[in-house]
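In this text, all values refer to a predicted model and were calculated from it rather than measured experimentally.
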Amino acid sequence: MTVFRPCIDLHSGQVKQIVGGSLKDVPNSSETDEKQLKTNFVSSFPSSHYAALYKVHNLTGAHVIKLGPGNDQAALEALAAWPGGLQIGGGISIDNAEYWLTEGKAGKIIVTSWLFPQAKFSESRLKQLADKVGKEKIVVDISCKVLDGEWIVAMDKWQTLTDMRVNADSIRMLESYCSEFLVHAADVEGLCKGIDSKLVEKLGEWCTIPVTYAGGGHAFSDLQLVHDLSNGKVDLTFGSALDIFGGSGVKFDDCVEWNNSQSQK
(Lines give C-alpha, C1' and ligand atoms only; values in the text may rest on other atoms or scores of the structure.)
Protein backbone atom coordinates (compact mmCIF):
# COMPACT_ATOMS: atom_id res chain seq x y z
CA MET A 1 0.00 0.00 0.00
CA THR A 2 1.25 3.49 -0.83
CA VAL A 3 2.40 5.60 2.12
CA PHE A 4 3.81 9.08 2.59
CA ARG A 5 7.60 9.22 2.93
CA PRO A 6 8.98 12.55 4.17
CA CYS A 7 12.23 14.27 3.26
CA ILE A 8 14.82 16.70 4.61
CA ASP A 9 16.59 18.48 1.75
CA LEU A 10 19.75 20.31 2.84
CA HIS A 11 21.45 23.12 0.94
CA SER A 12 24.24 25.27 2.40
CA GLY A 13 23.47 23.79 5.81
CA GLN A 14 19.79 24.76 5.82
CA VAL A 15 16.56 22.86 5.24
CA LYS A 16 15.21 24.07 1.90
CA GLN A 17 12.81 23.20 -0.88
CA ILE A 18 14.34 23.87 -4.30
CA VAL A 19 13.14 23.65 -7.90
CA GLY A 20 15.18 20.66 -9.06
CA GLY A 21 15.99 21.96 -12.52
CA SER A 22 17.52 25.14 -11.08
CA LEU A 23 20.34 23.35 -9.19
CA LYS A 24 23.41 24.15 -11.25
CA ASP A 25 27.05 24.42 -10.22
CA VAL A 26 29.36 27.29 -10.90
CA PRO A 27 31.65 26.10 -13.75
CA ASN A 28 34.61 24.02 -12.47
CA SER A 29 33.22 24.07 -8.93
CA SER A 30 30.93 22.10 -6.64
CA GLU A 31 29.39 25.36 -5.40
CA THR A 32 25.82 26.13 -6.48
CA ASP A 33 25.22 28.96 -8.96
CA GLU A 34 23.02 31.09 -6.69
CA LYS A 35 21.87 33.28 -9.59
CA GLN A 36 20.11 30.33 -11.21
CA LEU A 37 18.85 28.72 -8.02
CA LYS A 38 15.08 28.87 -7.49
CA THR A 39 14.18 28.29 -3.84
CA ASN A 40 10.60 27.67 -2.76
CA PHE A 41 11.29 27.57 0.97
CA VAL A 42 14.05 28.12 3.52
CA SER A 43 13.29 26.83 7.02
CA SER A 44 13.96 28.73 10.21
CA PHE A 45 14.15 25.37 12.00
CA PRO A 46 17.21 23.11 12.14
CA SER A 47 17.26 19.75 10.41
CA SER A 48 16.83 18.00 13.77
CA HIS A 49 13.39 19.62 14.16
CA TYR A 50 12.06 17.72 11.15
CA ALA A 51 13.78 14.48 12.11
CA ALA A 52 12.20 14.63 15.57
CA LEU A 53 8.81 15.37 14.01
CA TYR A 54 9.07 12.35 11.74
CA LYS A 55 10.15 10.18 14.65
CA VAL A 56 7.15 11.20 16.78
CA HIS A 57 4.82 10.10 13.98
CA ASN A 58 6.90 7.01 13.06
CA LEU A 59 7.33 8.16 9.46
CA THR A 60 9.95 5.58 8.54
CA GLY A 61 12.08 5.69 5.42
CA ALA A 62 12.50 9.46 5.35
CA HIS A 63 15.42 10.60 3.22
CA VAL A 64 17.95 13.29 4.14
CA ILE A 65 19.59 14.65 0.99
CA LYS A 66 22.75 16.77 1.01
CA LEU A 67 22.55 19.02 -2.03
CA GLY A 68 26.18 20.04 -2.42
CA PRO A 69 28.90 20.94 0.11
CA GLY A 70 28.42 22.42 3.58
CA ASN A 71 25.69 20.05 4.73
CA ASP A 72 27.46 17.36 6.74
CA GLN A 73 26.83 18.94 10.14
CA ALA A 74 23.15 19.54 9.45
CA ALA A 75 22.84 15.95 8.21
CA LEU A 76 24.49 14.58 11.34
CA GLU A 77 22.14 16.62 13.53
CA ALA A 78 19.12 15.19 11.74
CA LEU A 79 20.42 11.62 12.00
CA ALA A 80 21.20 12.07 15.70
CA ALA A 81 17.59 13.05 16.35
CA TRP A 82 16.41 9.65 15.08
CA PRO A 83 19.26 7.10 15.13
CA GLY A 84 18.62 4.37 12.57
CA GLY A 85 15.39 5.97 11.41
CA LEU A 86 16.55 8.04 8.45
CA GLN A 87 18.30 7.48 5.13
CA ILE A 88 21.20 9.69 4.02
CA GLY A 89 22.13 10.66 0.47
CA GLY A 90 24.38 13.13 -1.30
CA GLY A 91 28.06 12.43 -1.93
CA ILE A 92 27.86 8.84 -0.65
CA SER A 93 30.63 6.52 -1.82
CA ILE A 94 32.36 3.32 -0.73
CA ASP A 95 34.83 5.49 1.20
CA ASN A 96 32.26 7.12 3.51
CA ALA A 97 29.32 4.69 3.49
CA GLU A 98 30.32 2.92 6.70
CA TYR A 99 30.89 6.26 8.45
CA TRP A 100 27.35 7.43 7.72
CA LEU A 101 25.89 4.09 8.83
CA THR A 102 27.92 3.74 12.04
CA GLU A 103 29.09 7.15 13.25
CA GLY A 104 26.31 8.98 11.44
CA LYS A 105 23.66 6.50 12.61
CA ALA A 106 21.78 6.43 9.29
CA GLY A 107 19.40 3.54 8.76
CA LYS A 108 20.42 3.28 5.10
CA ILE A 109 22.66 5.07 2.63
CA ILE A 110 21.40 6.48 -0.68
CA VAL A 111 23.86 6.33 -3.55
CA THR A 112 23.84 7.72 -7.11
CA SER A 113 26.70 9.72 -8.58
CA TRP A 114 29.50 7.48 -7.26
CA LEU A 115 28.00 4.60 -9.26
CA PHE A 116 28.52 6.55 -12.49
CA PRO A 117 32.20 7.42 -13.07
CA GLN A 118 32.33 9.66 -16.15
CA ALA A 119 28.51 9.29 -16.22
CA LYS A 120 28.79 5.58 -17.09
CA PHE A 121 27.22 3.02 -14.77
CA SER A 122 29.63 0.72 -12.92
CA GLU A 123 27.99 -2.51 -11.75
CA SER A 124 31.29 -3.50 -10.13
CA ARG A 125 31.18 -0.41 -7.89
CA LEU A 126 27.67 -1.24 -6.74
CA LYS A 127 28.67 -4.85 -6.07
CA GLN A 128 31.68 -3.68 -4.04
CA LEU A 129 29.44 -1.41 -1.98
CA ALA A 130 26.91 -4.18 -1.38
CA ASP A 131 29.69 -6.56 -0.34
CA LYS A 132 31.02 -3.96 2.10
CA VAL A 133 27.86 -2.73 3.87
CA GLY A 134 25.18 -5.24 2.80
CA LYS A 135 22.50 -4.75 0.16
CA GLU A 136 19.90 -4.28 2.91
CA LYS A 137 21.59 -0.98 3.81
CA ILE A 138 21.63 0.40 0.26
CA VAL A 139 19.07 2.61 -1.48
CA VAL A 140 19.90 3.28 -5.13
CA ASP A 141 18.77 6.70 -6.30
CA ILE A 142 17.69 6.45 -9.93
CA SER A 143 16.39 9.99 -10.19
CA CYS A 144 15.86 10.79 -13.83
CA LYS A 145 14.98 13.16 -16.62
CA VAL A 146 12.98 12.47 -19.77
CA LEU A 147 14.91 12.36 -23.05
CA ASP A 148 13.31 11.27 -26.32
CA GLY A 149 10.50 9.53 -24.47
CA GLU A 150 12.77 7.57 -22.11
CA TRP A 151 13.74 8.13 -18.48
CA ILE A 152 17.49 8.65 -18.15
CA VAL A 153 19.22 8.55 -14.75
CA ALA A 154 20.65 11.98 -13.85
CA MET A 155 23.57 12.55 -11.45
CA ASP A 156 25.47 15.47 -9.87
CA LYS A 157 22.37 17.22 -8.50
CA TRP A 158 20.50 16.10 -11.65
CA GLN A 159 22.76 18.17 -13.93
CA THR A 160 24.41 15.30 -15.83
CA LEU A 161 22.63 12.57 -17.77
CA THR A 162 24.15 9.10 -17.47
CA ASP A 163 24.14 6.09 -19.79
CA MET A 164 21.42 4.31 -17.78
CA ARG A 165 17.81 4.13 -18.84
CA VAL A 166 15.20 3.44 -16.19
CA ASN A 167 13.40 0.37 -17.49
CA ALA A 168 12.53 -3.20 -16.53
CA ASP A 169 16.01 -4.53 -17.33
CA SER A 170 17.97 -1.92 -15.35
CA ILE A 171 15.60 -2.22 -12.39
CA ARG A 172 15.99 -6.00 -12.33
CA MET A 173 19.78 -5.74 -12.38
CA LEU A 174 19.95 -3.08 -9.65
CA GLU A 175 17.63 -5.01 -7.35
CA SER A 176 20.38 -7.62 -6.92
CA TYR A 177 22.44 -5.09 -4.96
CA CYS A 178 20.01 -2.89 -3.00
CA SER A 179 16.92 -2.98 -0.80
CA GLU A 180 15.11 0.15 -2.03
CA PHE A 181 14.91 2.74 -4.79
CA LEU A 182 14.50 6.49 -4.54
CA VAL A 183 13.30 8.20 -7.71
CA HIS A 184 13.05 11.96 -8.16
CA ALA A 185 11.39 12.98 -11.42
CA ALA A 186 13.82 15.87 -11.86
CA ASP A 187 11.85 17.57 -14.64
CA VAL A 188 8.89 18.23 -12.31
CA GLU A 189 10.71 18.37 -8.94
CA GLY A 190 9.69 21.44 -6.93
CA LEU A 191 7.14 22.70 -9.45
CA CYS A 192 4.00 21.45 -7.63
CA LYS A 193 2.30 20.92 -10.99
CA GLY A 194 1.60 17.21 -10.85
CA ILE A 195 3.49 13.94 -10.75
CA ASP A 196 4.92 11.97 -13.66
CA SER A 197 2.04 9.50 -13.75
CA LYS A 198 3.55 7.26 -16.42
CA LEU A 199 6.79 6.89 -14.46
CA VAL A 200 4.88 5.99 -11.28
CA GLU A 201 2.85 3.43 -13.20
CA LYS A 202 5.98 1.84 -14.68
CA LEU A 203 7.82 1.78 -11.34
CA GLY A 204 4.88 -0.10 -9.88
CA GLU A 205 5.10 -2.54 -12.76
CA TRP A 206 8.88 -3.04 -12.75
CA CYS A 207 9.94 -2.88 -9.08
CA THR A 208 9.77 -5.79 -6.66
CA ILE A 209 11.43 -3.92 -3.75
CA PRO A 210 10.23 -0.74 -1.98
CA VAL A 211 10.41 2.42 -4.08
CA THR A 212 9.79 6.04 -3.16
CA TYR A 213 8.79 8.55 -5.84
CA ALA A 214 9.29 12.30 -5.48
CA GLY A 215 8.52 15.13 -7.87
CA GLY A 216 5.52 17.30 -8.66
CA GLY A 217 3.23 16.19 -5.83
CA HIS A 218 0.86 19.08 -5.22
CA ALA A 219 -2.33 17.75 -3.61
CA PHE A 220 -3.25 15.27 -0.89
CA SER A 221 -5.16 13.29 -3.53
CA ASP A 222 -1.81 12.42 -5.13
CA LEU A 223 -1.37 9.72 -2.46
CA GLN A 224 -4.47 7.93 -3.73
CA LEU A 225 -3.39 8.56 -7.34
CA VAL A 226 0.04 7.00 -6.76
CA HIS A 227 -1.61 4.10 -4.93
CA ASP A 228 -3.95 3.48 -7.87
CA LEU A 229 -1.29 3.89 -10.57
CA SER A 230 1.22 1.57 -8.87
CA ASN A 231 -1.16 -0.89 -7.21
CA GLY A 232 0.14 0.36 -3.88
CA LYS A 233 3.77 -0.55 -4.66
CA VAL A 234 5.19 3.00 -4.86
CA ASP A 235 5.43 5.42 -1.92
CA LEU A 236 5.23 9.20 -2.33
CA THR A 237 7.23 12.14 -1.03
CA PHE A 238 5.75 15.64 -0.86
CA GLY A 239 8.13 18.58 -0.71
CA SER A 240 7.28 22.14 -1.65
CA ALA A 241 3.52 21.53 -1.49
CA LEU A 242 3.67 20.47 2.18
CA ASP A 243 2.58 22.96 4.83
CA ILE A 244 5.62 22.27 7.03
CA PHE A 245 7.72 23.50 4.10
CA GLY A 246 5.63 26.60 3.49
CA GLY A 247 3.29 24.98 0.99
CA SER A 248 -0.49 25.23 0.80
CA GLY A 249 -1.43 22.12 -1.17
CA VAL A 250 -0.87 19.36 1.38
CA LYS A 251 -1.23 19.22 5.16
CA PHE A 252 1.37 17.22 7.03
CA ASP A 253 -1.24 16.01 9.52
CA ASP A 254 -3.35 14.60 6.68
CA CYS A 255 -0.35 12.59 5.46
CA VAL A 256 0.21 11.20 8.95
CA GLU A 257 -3.45 10.23 9.14
CA TRP A 258 -3.22 8.56 5.70
CA ASN A 259 -0.26 6.45 6.84
CA ASN A 260 -2.04 5.46 10.05
CA SER A 261 -5.15 4.42 8.13
CA GLN A 262 -3.06 2.38 5.66
CA SER A 263 -1.30 0.51 8.47
CA GLN A 264 -4.67 -0.53 9.88
CA LYS A 265 -5.86 -2.12 6.64
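Rounded to the nearest 0.5 Å, atoms SG (C255) and CG (L59) are 8.5 Å apart. A distance of 11.0 Å separates CD in E257 from NZ in K251, rounded to the nearest 0.5 Å. Distance check, rounded to the nearest 0.5 Å: NE2 of H227 to CG of D235 gives 11.0 Å. Going from atom CD1 of I195 over to atom CD of E201 covers 10.5 Å, rounded to the nearest 0.5 Å. Put simply, CD1 on I171 and OG on S176 are 11.5 Å apart, with the number rounded to the nearest 0.5 Å. Atom-to-atom distance recorded for F121:CZ and T162:OG1 is 9.5 Å, nearest 0.5 angstrom.
One hydrophobic cluster, built from ILVMFWY side chains closer than 4.5 Å, cannot hold both L161 and V166; they sit in different ones. Tracing side-chain contacts under 4.5 Å through hydrophobic residues (I, L, V, M, F, W, Y), one reaches V256 starting from V226; they form part of the same cluster. Under the 4.5 Å side-chain heavy-atom criterion for grouping Ile, Leu, Val, Met, Phe, Trp and Tyr, I152 is not connected to L126 through any hydrophobic cluster. The hydrophobic cluster containing M1 does not contain L236, counting ILVMFWY residues as joined when their side-chain heavy atoms lie under 4.5 angstrom apart, directly or transitively. Under a hydrophobic-cluster definition in which Ile, Leu, Val, Met, Phe, Trp and Tyr are linked whenever side-chain heavy atoms come within less than 4.5 Å, directly or via other members, V3 and I110 are assigned to different clusters.
Two residues are said to be in side-chain contact when any heavy atoms from C-beta on lie closer than 4.5 Å; L129 and I109 meet this criterion. Within the 4.5 Å cutoff, side-chain heavy atoms of Y54 are placed close to those of I8. At least one side-chain heavy atom of F181 sits less than 4.5 Å from a side-chain heavy atom of C207. Here the side chains of W100 and L79 are in contact, with some heavy-atom distance below 4.5 Å. Using a 4.5 Å heavy-atom cutoff, the side chains of V250 and F245 are not in contact. Contact of the N58 side chain with the W82 side chain is registered, since non-hydrogen atoms from C-beta on lie closer than 4.5 Å.
For S93 (side chain) and W114 (main-chain N/O), no donor-acceptor pair under 3.5 Å exists by modelled atom type. Under the 3.5 Å distance criterion, the side-chain polar atoms of W258 are matched with a main-chain donor or acceptor of T2. The backbone N or O of S12 sits less than 3.5 Å from a side-chain atom of N71, completing a donor-acceptor pair. A distance-only check finds a donor-acceptor pair linking the side chain of N259 to the backbone of F4 [under 3.5 Å]. Side-chain atoms of S113 come within 3.5 Å of backbone atoms of D156 as a donor-acceptor pair (strictly under, hydrogens ignored). Proximity of a side-chain donor or acceptor of K66 to a complementary backbone N or O of G90 within less than 3.5 Å is detected. Checked by atom type and distance alone, the side chain of N96 pairs as donor or acceptor with a backbone atom of G91 at under 3.5 Å. The closest donor-acceptor contact from the side chain of K145 to the backbone of A154 lies at 3.5 Å or more, if one exists at all.
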Can you list, pair by pair, the side-chain donor-acceptor contacts under 3.5 Å of residues 208-220, counting residues two or more places apart and other chains?
residue, atom, partner, partner atom, Å
T208, OG1, E175, OE1, 2.6
T208, OG1, E175, OE2, 3.3
Y213, OH, D196, N, 2.9
Y213, OH, G215, O, 2.6
H218, ND1, D222, OD2, 3.3

Report the C-alpha distance between K16 and D9 in whole Å, list the side-chain angles of each, state the deciding distance to 0.1 Å, and finish with yes or no for side chain to side chain contact (heavy atoms under 4.5 Å, CB included). CA-CA 6 Å; K16 297 183 182 180; D9 292 346; 5.8 Å; no

Report the C-alpha distance between Q17 and C7 in whole Å, list the side-chain angles of each, state the deciding distance to 0.1 Å, and finish with yes or no for side chain to side chain contact (heavy atoms under 4.5 Å, CB included). CA-CA 10 Å; Q17 284 295 312; C7 64; 3.8 Å; yes

Does the side chain to side chain contact (heavy atoms under 4.5 Å, CB included) test come out yes or no for E98 and L101, once each step is laid out? CA-CA 5 Å; E98 285 188 318; L101 288 167; 5.6 Å; no

Evaluate C144 against L199 for side chain to side chain contact (heavy atoms under 4.5 Å, CB included), listing each step before the verdict. CA-CA 10 Å; C144 53; L199 177 57; 3.9 Å; yes

Derivation of the side chain to side chain donor-acceptor pair (under 3.5 Å) call for N167 and S170: CA-CA 6 Å; N167 55 34; S170 61; 3.3 Å; yes

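The minimum heavy-atom distance between V139 and L182, with the atom names listed, is CG1-N, 3.8 Å. Nearest heavy-atom pair, S47 versus A78, reported as atom, atom and distance to 0.1 Å: OG-N, 3.5 Å. Scanning both residues, G13 and A74, for their nearest heavy atoms gives O-CB, 3.7 Å. Pairing each heavy atom of L86 with each of A51, the nearest pair is CD1-CB, 3.8 Å. The two residues S230 and V200 make their nearest non-hydrogen contact at CB-O, 4.0 Å. Summarising the geometry of L10 relative to V15, their closest heavy-atom pair is CD2-CG2, 3.8 Å, with the distance given to 0.1 Å.
Scored by the salt bridge (Lys or Arg N to Asp or Glu O under 4.0 Å) test, E205 finds K202 as partners (sequence neighbours excluded). For F45, the ring-ring contact (aromatic ring centres under 6.0 Å, His included) partners two or more places apart in sequence, or in a different chain, are H49. A search for ring-ring contact (aromatic ring centres under 6.0 Å, His included) contacts involving F252 returns H57, not counting sequence neighbours.
Connectivity analysis of hydrophobic side chains (ILVMFWY, heavy atoms under 4.5 Å, direct or indirect) links V56 to nothing; its cluster partners are none.
Sorted by first and then second residue, the pairs that involve residues 178-188 and meet side chain to side chain donor-acceptor pair (under 3.5 Å), not counting sequence neighbours, are R5-E180, Q87-E180, K108-S179, K108-E180, S143-H184.
Other residues, nucleotides and ligands contribute over 12 non-hydrogen atoms within 6.0 Å of the CD atom of Q224. Remark: E136 CD is packed, more than 12 non-hydrogen atoms of other residues, nucleotides or ligands lying under 6.0 Å away.
With Y177 as the fixed residue, the side chain to side chain donor-acceptor pair (under 3.5 Å) test singles out one of K127, E123, R125: E123.
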